[in-house]
Amino acid sequence: MNIVILTGAGISAESGIETFRDAGGLWENHRIEDVATPEGYARDPDLVQRFYNLRRAALKTVKPNAAHIALAKLEHRLLRQDGSVTLVTQNVDDLHERGGSTDVIHMHGQLTSVFCTACNHRWNHAQDIKTGQICITCKTSDTTRPDIVWFGEMPYHMDRIEAALSSCDLFVSIGTSGAVYPAAGFVQMATAYGAQTLELNLERSQGSHYFDDSQLGPASKIVPQWVDAVLNEN
Ligand code: APR
């Protein structure tokens with residue numbers, strides 16, 4: 001069985017990472033256009049760096065929950081049975097990797113990666129980006145930015161994701177509100193390619209009616225249950 005899984009902020013909520021659109025979520029306290037657009041960064045780079053520095057630092061205080069760990073177990077077990085799990089995440093945290101998943105497609109970038117807008121070099125960086133930060137390759141200062149896909153920018157790895165959607169048996173969406181495209185359109189793409197579709201979420205998402213089935217509840221409970229059910233059937 002070949003499964004494509006899309007995760008969103010809801011899978012990391014019980015680890016202590018804020019979601020975006022729930023009550024008290026990040027977009028209630030910050031304006032998207034200020035901290036998550038190229039224009040906002042051009043206007044006030046220090047504000048944007050502070051926003052992501054705080055979120056990068058917060059990674060050190062959280063750990064993967066049962067849902068991240070269950071998806072890693074599914075990947076390893078299906079591989080042994082000639083199946084596959086393609087794990088696509090909109091999350092910029094590193095909890096899937098720390099939960100044991102080995103091949104995570106970060107379509108919206110990663111907090112622990114940065115790049116230089118002068119020479120485009122990318123590197124891993126777990127600390128704050130400081131004022132005057134120097135690019136490790138071209139040595140230009142103040143050109144290092146978070147490797148995060150902002151609104152108006154092109155998500156990463158779309159070719160690989162579409163190829164996986166076109167050949168999967170099952171598409172599963174976990175912990176995402178379905179408010180942001182292109183990820184919100186994966187369910188329709190998977191359906192058009194002939195896959196079954198399942199949503200696992202705390203509540204019905206915006207595109208819930210596009211799914212063949214929905215299971216509602218906290219990710220740390222319903223994701224391990226679903227993984228066990230899949231592994232028992234295979
Ligand atoms: N278990 C399962 N689902 C949960 C849980 C939980 N414990 N807590 C919250 N959820 C669900 C919410 O009900 C909601 O449907 O997770 C979803 C989170 O939605 P958003 O906050 O909109 O996050 P996400 O869908 O990942 O956002 C997509 O928007 O701002 C951008 O780039 C950002 O990648 C992000 C994208």
Side-chain angles (χ1 to χ4, degrees), residues 4-41 48 51-52 54-56 58-59 62-71 87-96 99 104-113 145-158 161 171-188 197-211 213-227:
V4 175
I5 298 173
L6 170 72
T7 64
I11 196 166
S12 296
E14 289 161 86
S15 292
I17 297 185
E18 289 166 295
T19 61
F20 297 95
R21 295 174 183 78
D22 292 315
L26 274 172
W27 295 154
E28 254 184 22
N29 301 312
H30 304 271
R31 282 159 39 104
I32 288 179
E33 51 275 40
D34 288 342
V35 296
T37 61
E39 295 77 17
Y41 180 59
V48 176
F51 178 74
Y52 290 99
L54 281 172
R55 298 183 65 208
R56 195 179 301 106
L59 288 183
V62 297
K63 41 185 212 303
N65 65 53
H68 299 103
I69 293 165
L71 293 186
L87 180 55
V88 182
T89 188
Q90 298 166 91
N91 297 345
V92 294
D93 65 52
D94 56 359
L95 293 180
H96 281 305
V104 186
I105 302 176
H106 281 272
M107 64 179 291
H108 290 170
Q110 275 179 277
L111 281 168
T112 50
S113 172
R145 62 159 266 190
D147 192 5
I148 303 286
V149 176
W150 287 326
F151 286 90
E153 296 183 322
M154 188 66 82
Y156 297 150
H157 312 297
M158 287 304 296
I161 297 168
F171 169 73
V172 186
S173 170
I174 303 174
T176 176
S177 60
V180 175
Y181 281 81
F186 291 171
V187 57
Q188 288 155 285
T197 57
L198 167 68
E199 160 174 79
L200 303 176
N201 210 41
L202 195 57
E203 58 197 9
R204 289 195 177 279
S205 67
Q206 288 185 27
S208 195
H209 52 285
Y210 292 120
F211 289 85
D213 190 14
S214 283
Q215 295 174 17
L216 305 183
S220 69
K221 186 164 164 237
I222 61 174
V223 175
Q225 277 171 0
W226 168 70
V227 165

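Counting starts at 1 for both ligands and their atoms, in listed order. Counting from 1, the numbers follow the sequence of the chain as shown. Both backbone and side-chain heavy atoms feed into the values below; hydrogens, waters and symmetry mates do not.
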So is there a nitrogen or oxygen of [X] less than 3.5 Å from a nitrogen or oxygen in ligand 1?
X	answer
Gly8	no
Phe151	no
Gly178	no
Pro218	no
Asn91	no
Val180	no

Which residue owns the protein heavy atom closest to [atom], what's the atom, and how far is it?
atom	value
atom 18 (C) of ligand 1	Gly175 O, 3.8 Å
atom 15 (O) of ligand 1	Asn201 ND2, 2.9 Å
atom 26 (O) of ligand 1	Ala9 N, 2.8 Å
atom 14 (C) of ligand 1	Asp22 OD1, 3.8 Å
atom 10 (N) of ligand 1	Gly10 CA, 3.6 Å
atom 3 (N) of ligand 1	Leu202 N, 3.2 Å

Nearest non-hydrogen atom to [atom] belongs to which of [options]?
atom	options	result
atom 29 (O) of ligand 1	Glu14, His108, Arg21, Glu18	Arg21
atom 1 (N) of ligand 1	Ala219, Ser12, Ser220	Ala219
atom 20 (P) of ligand 1	Ser205, Ala67, Ser177, Gly109	Ser177

Flag, side chain of [X] to backbone of [Y], donor-acceptor distance under 3.5 Å:
X	Y	answer
His30	Trp27	no
Asn91	Ala9	yes
Asn201	Gly175	yes
Glu153	Val149	no
Arg204	Gly207	no

Can you list the ligand 1 atoms lying under 4.0 Å from a non-hydrogen atom of [X]?
X	value
Ala13	8 (N)
Trp27	30 (O)
Gly217	1 (N), 2 (C)

Inset, instruction - Quickly, which of Leu71, Ile105, Val4 forms a side chain to side chain contact (heavy atoms under 4.5 Å, CB included) with Leu87? Name it, please. - result: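 Answer after filtering Leu71, Ile105, Val4: Leu71.
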
Legend entry - Residues Gln206 and Ser177: side-chain donor-acceptor under 3.5 angstrom: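 No - no donor-acceptor pair under 3.5 Å links their side chains.
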
Inset, instruction - Search all heavy atoms of Ala184 against all heavy atoms of Ala179 and return the closest pair with its distance. - result: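 Heavy-atom minimum between the residues: CB-N, 4.5 Å.
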
Inset, instruction - Please name the pair of heavy atoms, one in Ala67 and one in Asn65, separated by the smallest distance, quoted to 0.1 Å. - result: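 Result for this residue pair: N-OD1, 2.7 Å.
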
Inset, instruction - Establish, yes or no, whether a centroid distance under 6.0 Å links the rings of Tyr156 and His106. - result: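 Tyr156 vs His106: aromatic centres not under 6.0 Å.
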
Inset, instruction - Quickly, which of Thr19, Asp93, Thr89 forms a side chain to side chain donor-acceptor pair (under 3.5 Å) with Ser12? Name it, please. - result: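 Testing Ser12 for a side chain to side chain donor-acceptor pair (under 3.5 Å) against Thr19, Asp93, Thr89 leaves exactly one candidate, Asp93.
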
